[in-house]
Amino acid sequence: MTYQSPIAPGVSLYEDGLERPRYPALDGSCTADVAIVGGGFAGLQSACRLAENGVDVVLIEQARLGDGASGRNGGQMGTGQRSWPEDHAEKLGHAAAKALFDIAESGKRHLHDFAERHGIDIEYRPGQLSVVHKRRYLAAYRRHADRVAERYDYPHLRFMDAEETAERLGSRAYLGGVRDTGTGHINPLKLVVGTAIAASAAGARLHEDTRATDIARADGRVRITTPTGTITADRVLIAGNGYVGRLESQTAAHVMPIRSFIAATEPLGPQTDVLPGGEAVDDSRFVVRYFRKNAEGRLLFGGRETYSRDNPRDIAAPMRQQIARLYPQLSDVAVTHAWGGTVGITVPRDPFVREVMPGATAVGGFSGHGVVLANYTGKLYADAVLGDDSAFAQLAAMPVSAFPGGRSLRTPLLFAALTWFALRDRV
Ligand SMILES: Cc1cc2nc3c(=O)[nH]c(=O)nc-3n(C[C@H](O)[C@H](O)[C@H](O)COP(=O)(O)OP(=O)(O)OC[C@H]3O[C@@H](n4cnc5c(N)ncnc54)[C@H](O)[C@@H]3O)c2cc1C
C-alpha cells in the first residue's frame, strides 16, 4: 500500500518507489549528549556530524524522516541567503552581508562534498534561472548580477535579455532574468535518506513516529517528553521548523508555516523545447513559481501557496493551469503526482537561529531557501557543539523579529498581507 504521510498532503514523486529504511519509534526513556527534534535536513545533518565525531545523539521525528519540507521540496540549491546580499548590506553593513553570503557558499560546497563522501546520488543537475515577470524589475536584476560579481566574488551570475530567457525557458512568458551557473538542483528525498543512513551508521539513534510533546529543563539538563518515553540530554536542537506547532513558543512566534505545492508531469521526452539546458527556474512573483526538469525529463512545477492547515481538495488542477499558461504545448501532458509541504518563513526571510532556553537551540525558517541552508545550519550547530561556533554565531546574530499579532492574530494578519502581495503579482 502507498504510504501517505500524516503531516503532508499527496504522495510525492520522490517517495514513489524509493526504498526508505524504517527507524523504530522510541520505546522507553533514555539519555544522550545531544537530542534532536525533527528529521529534516537540519536535524539529520547535525545528527550525522555529531555521531561521526563521537557524540552520543538521539533524533526523533514525528512522522517518517523527510516527511517535512526536506523530503518534499523543489530541490533548488539557491545561491546565497534568501535575501539578496545587497539588501543585507543595507541593513547589516557590507562585511556582515559578505560573511553571510560566504557562509551560504560554503554550504553549497559542503552539500556536494557530503553527498560525495557518503556516496549519495542526489541527482544533481547544474544551472538556475531567476526570471522576471514585470518589466520594472529588470533593472534591479541586472544590477544584482553585476553587484554579486563585483562585491561578493561570485562570477557565475549573468543577466539575460528577453530573447535568451525565452530560449532557455522554451516560453515567452518572462521578460528577462539572471542565469546562475554556480548552482543547480537535486532530488531532496535522496539526500534525506542518504543522510539518515550515514547518521545511523555513525551511531546516531534515529526514531520515527515519535512526537515531542514537551521540552523543559530538568535537573540541570533538558528533558524531551514523548508519548512513549522521555529523553534527557545536555543539549537539545529543536529543528521542527514550520511543523513545530505549540511545542516551542519562540519558534512558533518567529517561523510561520505556509503550505506550498508541487505537481510533476509524465516524462516530456527528448524532443521537448521546455528547458533545453536543464536549468531550474524561480520567478519574481511574491508567491514564487519554481520549476525544473528532473533527471527523467519530468517537469516539476511548484507555486501555489495556502496559509491555512486545510488541504486543498485537488492539488493538481491549479498547477495544471499554471503549467498550461506557461507552456501551452504541455496542456495535454499528464500530471502524475501532486503533493504539498510546509515552508517555514520568517519576517525578514532570514533563518531563525536562537537559544530558546539554556541548553536548547532552535533552528528553522529558511524561507524557501533551505536545501543548502538547512543542511548547512545543521552542520554548523554540530560544529558549535564540538567547540567551533564561529559561523553558527553569525547566523544566530541575524536580527529576526517575531510575526506581529501574537498567536491568535498573526495568521489572519499574515493571510491578509500575503493575499495582498499575491494579488499584486497578478496586476
Ligand atoms: C513544497 C516546498 C518546496 C520547496 N522548495 C525549495 C527549493 O526549491 N529550494 C530550497 O532551498 N528550499 C525549498 N523549500 C524549503 C526547504 O524544503 C526547507 O527550508 C528545508 O527543508 C527545511 O529543513 P528543516 O530541517 O529546517 O525542516 P523540515 O524539513 O521542515 O523538517 C522539520 C521536521 O521536524 C519534524 N517535527 C516538527 N515538530 C516535531 C515534534 N514535536 N516532534 C517530532 N518531530 C517534529 C517534522 O515532522 C519535520 O519532519 C521548499 C519547501 C516546500 C514545502
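Start at 1 and go down the list; that is how both ligands and their atoms are numbered.
Ranking protein heavy atoms by distance to atom 15 (C) of ligand 1, first place goes to G368 CA, 3.8 Å. At the top of the distance list for atom 36 (N) of ligand 1, counting protein heavy atoms only, stands Q62 NE2, 3.7 Å. Nearest protein heavy-atom neighbour of atom 50 (C) of ligand 1: N73 CB, 3.2 Å. Ranking the protein heavy atoms by distance from atom 26 (O) of ligand 1 puts F366 CE1, 3.3 Å first. The protein non-hydrogen atom at the shortest distance from atom 5 (N) of ligand 1 is G74 N, 3.0 Å. At the top of the distance list for atom 25 (O) of ligand 1, counting protein heavy atoms only, stands A42 N, 3.0 Å. Remark: minimum distance from atom 42 (N) of ligand 1 to any protein heavy atom is reached at A212 N, 2.9 Å. Of the protein's non-hydrogen atoms, G38 CA, 3.2 Å is the one closest to atom 34 (O) of ligand 1.
With respect to the salt-bridge test (charged N to carboxylate O, under 4.0 angstrom), the residues R49 and E52 do not qualify. Using a 4.0 Å cut-off between charged side-chain N and carboxylate O, R320 and D314 make no salt bridge. No salt bridge links E208 with R20; every basic N to acidic carboxylate O contact stays at or beyond 4.0 Å. Between D87 and K91 there is no salt bridge, since no side-chain nitrogen of the basic residue lies less than 4.0 Å from a carboxylate oxygen of the acidic one.
Near G341, meaning under 4.0 Å from any of its heavy atoms, are these atoms of ligand 1: 53 (C). Residue-ligand proximity, L247 to ligand 1, at heavy-atom distances under 4.0 Å covers atoms 41 (N). Listed by atom number, the atoms of ligand 1 under 4.0 Å from S70 heavy atoms are 20 (C), 21 (O), 22 (C), 23 (O), 24 (P), 25 (O), 28 (P), 29 (O). If you number the atoms of ligand 1 from 1 as listed, the ones under 4.0 Å from a heavy atom of F41 come out as 21 (O), 25 (O). Within ligand 1, the atoms closer than 4.0 Å to a non-hydrogen atom of T342 are 53 (C), numbered from 1 in the order shown. Listed by atom number, the atoms of ligand 1 under 4.0 Å from N241 heavy atoms are 22 (C), 26 (O), 27 (O), 28 (P), 30 (O). Short contacts between ligand 1 and I7, defined as distances under 4.0 Å to a heavy atom of the residue, involve ligand atoms 47 (O). Ligand-side atoms of ligand 1 in range of S260: 1 (C), range being under 4.0 angstrom from any heavy atom.
Contacts with ligand 1 closer than 4.0 Å are made by no heavy atom of A63, backbone or side chain. Residue contacts with ligand 1 for T213 are absent, since no atom lies close enough (heavy atoms, distance under 4.0 Å). At a heavy-atom cutoff of 4.0 Å, ligand 1 is contacted by the backbone of R72 but not by its side chain. The proximity of V363 to ligand 1, defined as any non-hydrogen pair under 4.0 Å, does not occur for either the backbone or the side chain. Using a 4.0 Å cut-off between heavy atoms, A239 contacts ligand 1 through its backbone alone, with no side-chain atom that close.
Ring pair H156/Y154 is perpendicular by interplanar angle, where above 60° counts as perpendicular and below 30° as parallel. Ring-plane geometry between Y141 and H144 is classed as perpendicular, the angle between the planes exceeding 60 degrees on a 0 to 90 degree scale with a lower cut at 30.
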Taking it one step at a time, do Y14 and N294 satisfy side-chain hydrogen bond (donor to acceptor under 3.5 Å, both in side chains)?
CA-CA 10 Å; Y14 307 126; N294 74 352; over 6 Å; no

Under the side-chain hydrogen bond (donor to acceptor under 3.5 Å, both in side chains) rule, what do Q62 and D67 come out as? Steps first, then yes or no, please.
CA-CA 9 Å; Q62 62 183 347; D67 273 5; over 6 Å; no

Criterion side-chain contact (heavy atoms from CB on, under 4.5 Å) on L92 and L100, from CA distance to verdict:
CA-CA 10 Å; L92 310 171; L100 291 169; 3.8 Å; yes

Distance-only donor-acceptor pairs under 3.5 Å for side chains of residues 23-43, two or more places apart:
from, atom 1, to, atom 2, distance (Å)
S29, OG, T230, N, 3.0
S29, OG, T230, OG1, 3.1
D33, OD2, D56, N, 3.0

Distance-only check: which donor-acceptor pairs under 3.5 Å involve side-chain atoms of residues 364-377, not counting sequence neighbours?
from, atom 1, to, atom 2, distance (Å)
S367, OG, T346, N, 3.2
S367, OG, G365, O, 3.1
H369, NE2, T79, O, 3.4
H369, NE2, G80, O, 2.9
H369, NE2, Q81, O, 3.3
N375, ND2, V371, O, 2.7
T377, OG1, L373, O, 2.6

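When the options R292, Q76, Q128 are evaluated for a side-chain hydrogen bond (donor to acceptor under 3.5 Å, both in side chains) with D282, the one that passes is Q128.
The closest approach between any non-hydrogen atom of G75 and ligand 1 is below 4.0 Å.
Among Y243, Y290, W339, the residue whose heavy atom lies closest to atom 1 (C) of ligand 1 is Y290. For atom 47 (O) of ligand 1, the choice among M77, H369, E61, Q45 with the nearest heavy atom turns out to be E61.
Atom CZ of R313 sits in a sparse spot, with 12 or fewer heavy atoms from other residues, nucleotides or ligands closer than 6.0 Å.
Distance alone, capped at 3.5 Å, is enough to place a donor-acceptor pair between the D283 side chain and the R289 backbone. Judged by distance alone, the side chain of R298 and the main-chain N or O of T265 form a donor-acceptor pair under 3.5 Å.
For ligand 1, the polar-atom distance check finds an N/O of V371 within less than 3.5 Å of one of the ligand's N/O atoms.
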